[in-house]
Amino acid sequence: MAIEVSHISKTFGSFTALRDVSLRVNDGELVALLGPSGSGKTTLLRIMAGLEIPDPNDGSAVLFEGLDVTRQDAAARRVGFVFQHYALFRNMNVFENIAFGLRVRPRRARAPETEIRERVRQLLRLIHLEESADRYPSQLSGGQRQRVALARALAIEPKVLLLDEPFGALDAKVRQGLRRWLRRLHDEVHVTSLLVTHDQDEALEVADRVVVMNEGHIEQDGTPAEVFHHPATEFVMDFMGNVNFFSGRIEKGKAVFGPLVLERPGEAASEGQSARLFVRPYDLDIHRDYNGGKPSLRARVQRIQSAGLKVRVELLAETGETVTVEMSHEQFHDSHINVDDNVFVSLRDSRIFTEDYSI
Amino acid sequence: MRGGYFKRPSILPGFWPAFGFSLLYLSLVVLVPLSAVFLKTATADWHHFWGAIASPAVVASYRLSFGASFAAALVNAVFGFLVAWVLVRYRFPGKRLVDSLVDLPFALPTAVAGIALTSLYTENGWIGRFLAPLGIRVAFTPLGVLVAMIFIGLPFVVRAVQPVLEDADLELEEAAASLGASRWQTFTRVIFPVVRPALLTGFAMSFARALGEYGSVVFISGNMPMRTEITPLLIITRLEQYDYTGATAIAVVMLVASFVVLLGINLLQWYSRRHADAG
Amino acid sequence: MPRDRRKPRVTQDPALLRWTLTALALGFLALFVVMPLAVVFGQALEKGWHTYWMAIREPDALAAIRLTLLAAGIAVPLNLLFGLAAAWAIAKFQFRGKNILLTLIDLPFAVSPVVSGLIYVLVFGAQGWFGPWLQQRDIKIIFAVPGIVLATVFVTFPFVAREIIPLMQAQGTDEEEAALVLGARGWKIFSRITLPNIKWSLLYGVILCTARAMGEFGAVSVVSGHIRGVTNTMPLHIEILYNEYDFAAAFAVASLLAVLALVTLAVKRLIEWKIRRESETFPAVAEGAEV
């Protein structure tokens with residue numbers, strides 16, 4: 001089922017959580033709402049669930065498959081909601097928790113008990129917790145509790161699954177395992193899903209589409225590849241992974257950042273306008289001698305961090321900025337770089353942002 | 001700092017003086033006098049004892065004391081829960097004042113409460129005058145005893161339930177709502193089970209308190225033999241007749257009842273702590 | 001995301017339900033709490049201020065007030081001492097039998113006041129254990145002032161302890177241990193570190209203890225000889241006046257105790273406010289966590 005929100009705003013007293021947000025999620029997609037705290041992503045999710053009411057502006061609506069559900073209350077919307085801290089009912093065991101949504105249906109709509117039990121057993125198999133049906137939430141680990149919370153939400157056959165930072169309260173390893181498990185589950189079950197997270201690795205790994213939010217509005221909406229390799233705004237570039245940053249200006253049609261002069265074909269930027277250069281650490285190369293071809297900077301090696309998957313080299317550029325370069329261990333080994341060496345750093349790829357537009 | 005008695009070595013000073021004094025005080029003030037009750041009974045012969053505790057007047061008083069205490073505790077359980085709910089979840093002007101007032105039955109001396117309640121419910125009392133035409137008599141009837149017991153037991157339920165309601169996790173209610181539960185279903189299946197242990201504890205404490213109560217009840221009861229005599233009153237009348245054995249016998253019954261209720265409360269709390277957990 | 005947003009809609013009850021329940025709750029409280037309080041003052045002043053003052057200044061009434069204050073004046077300091085000692089032992093040390101000690105402290109709550117008085121009659125009364133011994137020396141405890149004091153002590157001794165024990169337990173031993181390491185000795189640790197940390201709850205415990213000591217009826221009724229002007233406390237005097245149908249006078253004396261009760265409630269509010277204020281400026285100190 002497709003969901004659409006249009007022109008949604010939400011203020012809490014003096015704090016504006018959402019500013020005129022519009023978004024469409026297609027049937028069967030898994031979309032990640034990614035952003036820092038305060039970006040409004042959880043508020044948006046809760047509005048979709050009916051747990052919050054958006055500001056009553058003209059044109060604002062929440063649509064499920066075209067139908068306006070803005071006035072419909074949470075119990076009637078049939079959304080599956082998974083909370084960050086599970087919100088499992090501690091006076092009920094796992095089985096009863098999962099069966100809850102099926103048992104509270106009005107008599108007419110309620111399935112016979114045998115059917116309910118069968119459905120719960122199916123879900124227990126799906127989450128691999130058949131043996132734990134009798135246990136109480138207090139007897140489960142964090143990862144198990146979250147799986148039960150998910151099964152409970154799925155039990156009511158929701159039209160859409162909304163997950164609010166579901167793995168936020170778990171250890172790193174458990175988180176990674178559950179991430180993969182969620183993706184596989186989605187591939188099996190195909191429920192339209194929205195996942196709120198502040199972890200960009202999670203968003204990139206799990207989602208079909210990533211919506212980056214900041215301060216109540218959407219910065220970019222695209223596939224993980226688009227958002228990562230072609231960030232639309234500075235915020236997105238900075239938020240998605242480490243980045244090196246330089247300030248400069250547009251002069252004579254070129255972008256000038258100290259000794260770095262970059263030709264950028266395309267629309268002419270106004271002369272004298274300030275510009276910002278963003279470069280990923282792995283888009284930089286270190287050479288002993290000036291390479292000639294690509295724009296380069298002189299720099300001195302400050303620190304080499306070789307413990308980890310990649311080698312990170314910290315350098316002090318001639319412009320005064322600290323630059324971080326990432327390379328594989330092989331490349332590092334071949335380069336023979338040492339601390340205090342004077343080297344050249346060249347750019348392979350970068351993004352330039354000015355006030356008007358981004359290149 | 002003797003290792004054997006302590007579970008963990010103590011480096012702070014002053015344990016033995018403090019502990020010793022406490023124990024001495026407790027013994028002199030509490031244990032020794034309390035033991036007098038049981039020792040006195042032990043020396044009396046069984047026939048005498050049974051006669052003292054099973055005579056018709058005394059049995060009638062048991063019916064009244066236990067019955068009215070139980071009923072009052074029930075009323076307090078219902079309305080006390082209501083009051084706690086309203087205080088925790090709703091907003092209205094003067095809420096703080098109301099919250100303070102809940103403690104009044106606990107702070108007000110029992111004799112003052114006793115004469116105040118009697119005055120209210122006599123036939124020309126502030127409330128009694130409205131009930132008289134309806135044929136409802138409160139003062140000097142078991143109903144009056146019930147009213148007085150409701151008064152004194154009120155704070156126990158409210159104060160037992162309030163903290164649990166205050167700590168209730170709203171996300172649980174949101175989860176229930178998102179799963180399709182109506183407000184009533186959320187209340188009965190999610191909220192109430194969490195509050196139930198505290199409610200039971202409050203009920204038990206209210207019951208225990210009403211059982212032994214004297215001052216608040218003795219004025220409004222009228223003390224009519226076989227009808228509105230509460231058990232503590234019978235102890236006093238026996239004493240006034242210098243029937244120490246009789247008085248002590250009844251006191252034993254009351255003590256045993258109190259201890260049973262106290263035990264029940266402790267078991268309840270232990271049981272609910274076993275089930276309480278995180279997440 | 002500000003966590004103090006107004007309660008989300010799904011957890012709010014419908015308005016009609018809210019108003020109905022609130023009205024029911026307030027109605028219940030008005031009937032069972034407010035009205036009895038109101039009638040005390042209403043009846044006390046029914047015959048005018050003059051009658052009111054006369055009732056209070058009457059010699060037997062004054063004697064009752066004096067006796068009440070005396071009993072409280074002895075019982076409260078004793079119980080304060082006990083409360084502090086017991087709290088120190090229980091809160092700052094780990095030893096076997098702590099639970100038994102705690103249960104014993106709660107005992108007077110489980111015992112009917114009449115029984116509380118009876119036990120002293122059994123020990124000190126004419127037919128009691130020490131009865132003959134006391135009679136020989138012409139010492140009167142039961143039906144005299146000492147008995148009243150004893151009964152009062154018994155009924156009110158948990159109050160101070162119960163107020164400060166949970167607080168001291170929550171505060172732990174870190175600060176006292178720190179003081180010890182810095183060279184402070186026993187009494188200094190207690191007076192400079194422990195006492196200031198519990199001062200508000202201690203104050204409330206003392207006030208509660210005092211109010212209960214002055215208001216105790218059942219236990220005192222048993223051990224007192226009900227001799228006007230001699231062995232009557234205020235509650236007993238109220239009883240006598242009421243039984244003689246001197247309602248205005250009875251309620252006049254009662255109103256004094258009612259005012260004391262209201263003061264107790266006001267002090268409790270004040271202390272809660274103080275504690276909340278302290279926890280806002282020094283969150284760690286108020287909760288007893290490691291600073």
Side-chain angles (χ1 to χ4, degrees), chain B residues 5-8 10-15 18-19 21-22 25-26 29-30 33-34 36-37 40 79 82-83 86 90 92 98 100-101 103-104 107-113 115-117 119-120 126 150-151 154 170 173-174 177 183 208 212 214-215 232 235-236 239 244 247 251 254-255 258 262, chain C residues 8 10-11 13 18 21-22 24-25 28-29 32-33 35-37 39-40 43 82 85-86 88-89 92-96 104 107 110-115 118-123 127 129 153-154 157 173 176-177 180 186 211 215 217-218 222 235 238-239 242 250 254 257-258 261 264-265 269:
Chain B
Y5 184 56
F6 289 96
K7 287 188 190 165
R8 241 185 24 212
S10 56
I11 58 165
L12 291 176
F15 174 74
F19 184 65
F21 175 70
S22 308
Y25 197 88
L26 269 175
V29 173
V30 180
L34 211 49
V37 173
K40 177 105 190 155
F79 281 92
L82 174 68
V83 169
V86 169
Y90 301 159
F92 53 89
V98 174
S100 294
L101 279 179
D103 277 331
L104 188 72
L108 195 65
T110 55
V112 175
I115 63 173
L117 287 168
S119 171
L120 273 180
W126 291 8
I150 292 175
F151 174 84
L154 199 159
L170 283 179
E173 295 175 47
E174 288 183 347
R183 197 76 190 116
Y214 177 68
I235 297 180
I236 287 196
L239 274 176
Y244 284 14
M254 293 218 66
L255 278 173
S258 306
L262 203 68
Chain C
V10 284
T11 58
D13 297 321
R18 267 184 285 144
L21 291 182
T22 308
L24 266 176
F28 178 76
L29 286 177
F32 279 96
V33 179
M35 293 239 66
L37 186 62
V39 83
V40 171
Q43 290 281 23
F82 167 76
W88 179 256
K92 309 292 177 185
F93 301 90
Q94 299 274 51
F95 56 92
R96 276 187 269 274
L104 283 178
L107 216 48
V111 175
S112 167
V114 169
V115 176
L118 173 70
I119 62 181
Y120 289 104
V121 173
L122 288 179
V123 175
Q127 295 179 23
W129 286 353
V153 167
F154 177 89
F157 90 82
T173 54
E176 282 84 2
E177 286 175 1
L180 186 70
F217 181 63
V222 172
I238 293 173
E239 182 189 24
Y242 193 81
L257 291 173
T264 311
L265 293 182
R269 259 277 167 258

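Residue numbers begin at 1 in each chain, while the letters A, B, ... track the order of the sequences.
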Non-hydrogen side-chain atoms of C/Phe154 and B/Pro33 separated by less than 4.5 Å: no

Nearest-0.5 Å distance, CG of residue C/Leu29 to CZ of residue B/Phe79: 10.0 Å

Minimal non-hydrogen separation, C/Ala25 against B/Leu82, with atom names: N-CD2, 3.7 Å

Over all atoms of both residues, closest heavy-atom pair of B/Leu12 and C/Glu177: CD2-N, 3.9 Å

Residue pair B/Val29 / C/Tyr120: nearest heavy atoms and the distance that separates them: O-OH, 2.6 Å

Per-residue contact mode, B/Leu154 against chain C (heavy atom under 4.5 angstrom): side chain

Close side-chain approach of C/Phe32 to B/Leu117, heavy-atom, < 4.5 Å: no

Parallel, tilted or perpendicular, as decided by the 30° and 60° cut-offs, for the rings of B/Tyr214 and C/Phe217: parallel

Shortest non-hydrogen separation from B/Phe151 to C/Val33 and the atoms involved: CE1-CA, 4.3 Å

Atom pair CH2 (C/Trp88) and OG (B/Ser22), whose distance is rounded to the nearest 0.5 Å: 12.5 Å

Interchain contact, C/Leu21 with chain B, by part (heavy-atom threshold 4.5 Å): both

Closest non-hydrogen atom pair, B/Gly212 against C/Pro113: O-CD, 3.3 Å

Interface moiety of C/Arg269 toward chain B, non-hydrogen atoms closer than 4.5 Å: side chain

Side chain / backbone / both / neither for C/Val115 at chain B, heavy atoms under 4.5 Å: side chain

Most contacts with chain C, counted as non-hydrogen pairs under 4.5 angstrom, among B/Leu26, B/Val98, B/Leu255, B/Ile235: B/Leu26

Shortest non-hydrogen contact from C/Leu118 toward B/Ala251: CD2-CB, 3.2 Å

B/Leu120 side chain reached by C/Pro36 side chain, heavy atoms, under 4.5 Å: yes

Contact class of B/Ile115 relative to chain C, heavy atoms under 4.5 angstrom: both

Segment of B/Ala177 engaging chain C (4.5 angstrom heavy-atom cut-off): side chain

Closest-packed option against chain B by number of heavy-atom pairs under 4.5 Å, given C/Met35, C/Lys92, C/Glu239, C/Glu176: C/Met35

Side-chain heavy atoms of B/Val112 within contact of C/Val40, under 4.5 Å: yes

Approximate separation, where rounding is to 0.5 Å, of B/Leu239 CG and C/Leu122 CG: 7.5 Å

Best-contacting candidate, B/Arg183, B/Glu173, B/Met254, against chain C by heavy atom pairs under 4.5 angstrom: B/Arg183

Check: B/Phe19 ring centre within less than 6.0 Å of C/Phe93 ring centre: no

Which atoms of B/Phe92 approach chain C - backbone, side chain, both or neither, heavy atom under 4.5 Å: side chain

Residue among C/Val39, C/Leu24, C/Leu257 with most heavy-atom pairs under 4.5 Å to chain B: C/Val39

Heavy-atom pairs under 4.5 Å with chain B, option from C/Val153, C/Val114, C/Val123, C/Leu107 with the top count: C/Val114

